[in-house]
2 protein chains.
Amino acid sequence: MPRSSYRLPKIPEMTIRRLSVYTRCLLQLEEDGVETISSQELAERFGLNSAQVRKDLAYFGEFGVRGIGYYVTKLKAELQRILGLDREWPVALVGLGNLGAALFHYKGFSRQGFRIAVVFDDDPAKIGRDVDGVPIFGTADLAREARAREIQIAILAVPSEAAQGVTDALLAAGIKTILNFAPTRLRVPKDARLKNVDLSIELETLSFYLAQTPR
Amino acid sequence: MPRSSYRLPKIPEMTIRRLSVYTRCLLQLEEDGVETISSQELAERFGLNSAQVRKDLAYFGEFGVRGIGYYVTKLKAELQRILGLDREWPVALVGLGNLGAALFHYKGFSRQGFRIAVVFDDDPAKIGRDVDGVPIFGTADLAREARAREIQIAILAVPSEAAQGVTDALLAAGIKTILNFAPTRLRVPKDARLKNVDLSIELETLSFYLAQTPR
DNA sequence: TAGATTGTTAATCGATTAACAATC
DNA sequence: TAGATTGTTAATCGATTAACAATC
């Protein structure tokens, strides 16, 4: 069977993560007025190999100019398009406790085209209010309000006990892309795309290295 | 040159991360009263290969019983020792905004032996107060108060602008293991161990897959 | 043109997995 | 003992890096 023109060759996840890092670097370079950059220069900023940078890009096309390198503005635009960061994604934030509030105000999201369009929280003191103009609803209204805003991405920042219930509600509302901050294993169907952010695993690996080093 | 008995063979970082995951699973299994588990059963819970589980463990010793598997309580204790989770690590939390407060209350840390022993924040409204009995100091007192508590690990949850200054203060106080949540690149000496937690990169990779899928 | 840097192939490296003797 | 499962070696796979012809 010939490969559909929609389908790319299998892209390593690490490549996607690096593209995301390159993009941020290019945004900075553009601000600084830098016009071109070579794969060598770009690689050095992250301790990577220049061939790796070129190979990461080669999965998606030819963006450079031999003898010159890459035009910063052009490459930035290409990568934003590839990563889907050239448009606005309305996002639902579920849970407005400390973590939810921190994520709400997190600069990195909005800078890359993610816009928190609605907040869900079951605290009666919060329902019906808004944060910076973004309305807060109870999860009972999740499907209706998420659909009204054509939301495809949710950020989950609720207590572990509530996480599965909210997830089921999100799936029922047709939201299949979930970034989960609750430290719990969620059951989702195969076609859903769930990414768990584990806040404590990094600390545990740090303690390993600390424990290895006799003081 | 014979390998020093202190030095382990080079351990892949992914192995350390998986050990951390196994440990949490074993804690749960122990709570559930499960006495033994095979590499096969353990692997299935995370979609891994049983040989990988055995190999991860083999870096550190022989913990299983042929024909039986692993005794849950024994393996848990071994892994906790390896990861340095068998003791209490006093931790400094720097920055008590929304994110800092969320991390302060995060259950995962304390469950694994990390105890936030002191908080630093330069908000005059917070200095001199405490959270759940943990004192809050200004960063001017960082070196003195961190040393008094023999702190070796810091969690950084301050705004990006403040992150480098705080980092320098931490290093000056002899704290060389830092978990950084500020979305900024920190300069640290070679012997420091810095781990950056990037809250937005996961969202960006999710948007890549979403952008690939024509609706 | 000469120098620089890309895009790509081939070589290398390291991590994952299969297979199986050892042994509970 | 027979069955099960480990610890470990060998095979496989995939990602990284080196090398270089193509070309600006």
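Numbers restart at 1 for each chain; the letters A, B, ... are given by sequence-line order, proteins then strands.
Between A:Arg18 and A:Asp56 there is a salt bridge, since at least one side-chain N of the basic residue sits less than 4.0 Å from a carboxylate O of the acidic one. The pair A:Glu202-B:Arg17 meets the salt-bridge criterion, with a side-chain N (NZ, NE, NH1 or NH2) lying under 4.0 Å from an Asp/Glu carboxylate O.
At whole-Å resolution of the value, CG in A:Asn49 and C1' in C:dT5 are 14 Å apart. Here C:dT17 presents its P atom at 11 Å from CE of B:Met14, a figure rounded to the nearest Å. Spacing between atom NZ of B:Lys10 and atom P of C:dG14 amounts to 9 Å, rounded to whole angstrom units. Atom CD in B:Gln40 sits roughly 9 Å away from atom P in D:dT6 (whole-Å rounding). For the pair A:Tyr70 OH and C:dA4 P, the interatomic distance rounds to 18 Å; values are reported in whole Å. Between B:Gln52 atom CD and C:dA15 atom P there is a gap of 11 Å when expressed in whole angstrom units. Rounded to whole Å, the distance from CD1 on A:Ile37 to C1' on C:dA4 is 15 Å. In this structure, B:Leu48 places its CG atom 8 Å from P of C:dT17, rounding to the nearest Å.
Toward the 5′ end of DNA chain D lies the nearest nucleotide of A:Glu13, the other residue of the pair A:Ile68 and A:Glu13 mapping further downstream. Positionally, the nearest nucleotide of DNA chain D for A:Thr15 lies more toward the 5' end than for the other of A:Gly67 and A:Thr15.
At the heavy-atom level, A:Ser39 lies under 4.0 Å from the strands shown only through sugar-phosphate atoms.
Ring geometry for A:Phe60 against B:Phe208 counts as perpendicular: the plane angle is over 60°, on a 0 to 90° scale with 30° as the lower cut. Aromatic ring orientation, A:Phe109 versus A:Phe114: perpendicular (interplanar angle above 60°, classes split at 30° and 60°).
At a cut-off of 3.5 Å, with distance as the only test, a side-chain donor of A:Thr73 or A:Glu30 sits close to an acceptor on the other residue.
No N or O donor and acceptor, one from the side chain of B:Arg66 and one from the base of C:dT23, sit under 3.5 Å apart.
The A:Arg54 side chain lies nearest to C:dG7 when the options are C:dG7, D:dT6, D:dC24. Nearest nucleotide to the A:Lys55 side chain, out of C:dT17, D:dC24, C:dT9: C:dT9.
Of the nucleotides present, D:dA15 is the one that pairs with C:dT12 by Watson-Crick or G-U wobble criteria, both distances under 3.5 Å. Under the Watson-Crick or G-U wobble criterion, with both distances below 3.5 Å, D:dA21 is paired with C:dT6.
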